[in-house]
Amino acid sequence: MEATTRRNPLAQRVQRVKPSGIRRFFDIAATMENVISLGVGEPDFVTPQHICAAAIASIEAGETHYTSNYGTLALREAIAVELQRRVGVTYDPAGEIMVTVGVSEALDCALRAVVDVGDEVLCADPGYVAYEAGIIFAGGVPVPIPTRPEDDFAPRAAAYAAAVTPRTKAILIGSPNNPTGSVISREDLEGIARLAQEHDLVVISDEIYSRLIYGAEHVSIASLPGMRERTLMLNGFSKAYAMTGWRVGYAAAPRLFLEAMLKIHQYSIMSAPTNAQAAALAALQHGEPDVQTMHAEYERRRDLIVRGMNQIGLSCCAPKGAFYVFPSIAATGMDADTFVEKLIAEELVAVVPGDSFGAQGAGRIRCTYCTAYEKIEEALERIGRFVARHHV
Ligand code: PLP
């Protein structure tokens, strides 16, 4: 329907946000047959059966009502145990943990809880597409922190330090990172922590890929001295347990922050889906072998795709985490949009232009390896043919 008002009826902060660069290519891919998608960042595994069974049991037990705004106490208790065990930080399930509709909602609540109009928020470039959008929706100003191929795109503390101004309110980190798979080193996290304390900044830490790390350790910035009190830690079930469709995540933070986030959550969402919370509880209680199995398979696929991209001539580092590679397409002389459009038209492989994730992603593409090993092999063959044809 055409708008009938004379002035633009849409809020400026919404107009300022571009639609996600990822979606455009999926829409094209959806109209074609025999496309191999290395586009979507979502596990190809079906949620483990015992986790599904817990949700079915919850429905059959008549659990069809809202839960507490915080989420079920049983799930919050299990999350507290998990965080104590895996990141070494203690949170009180009564008041310091809130169950959300994925990390997506936790991120939105975190940003809206701390960002005032005009506040600057530092976040790595390239970075997850929702970061910049979320900051703008909250009224803030995203400040991209460049990362470099020489560092395998791992954000460096010095780059954050160079960007701090009197308007800086928060640092938003995602480690492991989407789209590069980079992991921030302990040393750089310590540098970021010092910076946050010196300038009295809040840190929002998206740790959704914390269980998908290869040969490196996951360090939560909240576990560093003096940081628990100024960190909003976000995590969820989508990636590690192959539960994207269930929409469950959580935030853990000191009461001051958690209560502010809860206010937003309770007025906009009420509570995360009840049966999905039962599933998430089963995931924490019995899902560890599934996480290990899927992790081993992702690692095998990562080695395949990194080796394959480099053999093809698309130079690519071995990411330390998540399930993405971020190769350079310089060998083809094309910009990323042209590469992606031609690749899907000529060889039926869907990938995402690197600059959808920020200016530093120019000349690169993001490919996921959360698709079957054999499909990745076939995709590499197709990409190999394509690059050989277009090599400059
Ligand atoms: N954070 C990052 C870095 C992601 O890559 C994603 C999903 O791709 C999300 C958050 C959103 O996850 P959820 O399904 O928990 O909302």
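Everything numeric in this text was worked out from a predicted model, so none of it was measured. Values reported hereafter were calculated over all heavy atoms of this structure, with side chains retained and with hydrogens, waters and symmetry mates removed. Counting convention: from 1, in listed order, for ligands and their atoms alike.
- Side-chain atoms of Y160 and I171, non-hydrogen and from C-beta on, do get closer than 4.5 Å to each other.
- Annotation: cation-pi geometry satisfied between R228 and Y91 (NZ/CZ under 6.0 angstrom from ring centroid, within 45° of ring axis).
- A ring pair (Phe, Tyr, Trp, His ring centres under 6.0 Å) check over residues 271-297, counting only residues at least two apart or in different chains, returns the pairs Y214-H295.
- The list of salt bridge (Lys or Arg N to Asp or Glu O under 4.0 Å) pairs with a residue in residues 141-151, not counting sequence neighbours, reads R148-E150, R148-D151, D151-R156.
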At less than 3.5 Å, what protein N or O atoms come close to the N or O atoms of ligand 1? Include the distances to 0.1 Å.
from, atom 1, to, atom 2, distance (Å)
ligand 1, 1 (N), D206, OD2, 2.6
ligand 1, 5 (O), N178, ND2, 2.9
ligand 1, 5 (O), Y209, OH, 2.7
ligand 1, 8 (O), K239, NZ, 2.6
ligand 1, 14 (O), S238, OG, 2.6
ligand 1, 14 (O), R247, NH1, 2.8
ligand 1, 15 (O), V103, N, 2.7
ligand 1, 15 (O), S238, OG, 3.4
ligand 1, 16 (O), V103, N, 3.2
ligand 1, 16 (O), S104, N, 3.0
ligand 1, 16 (O), S104, OG, 2.5
ligand 1, 16 (O), R247, NH2, 2.8

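- For residues 97-108, every residue pair satisfying the salt bridge (Lys or Arg N to Asp or Glu O under 4.0 Å) rule, not counting sequence neighbours, is listed here: D108-R112.
- The only option from R385, R382, R389 that meets the salt bridge (Lys or Arg N to Asp or Glu O under 4.0 Å) definition with E346 turns out to be R389.
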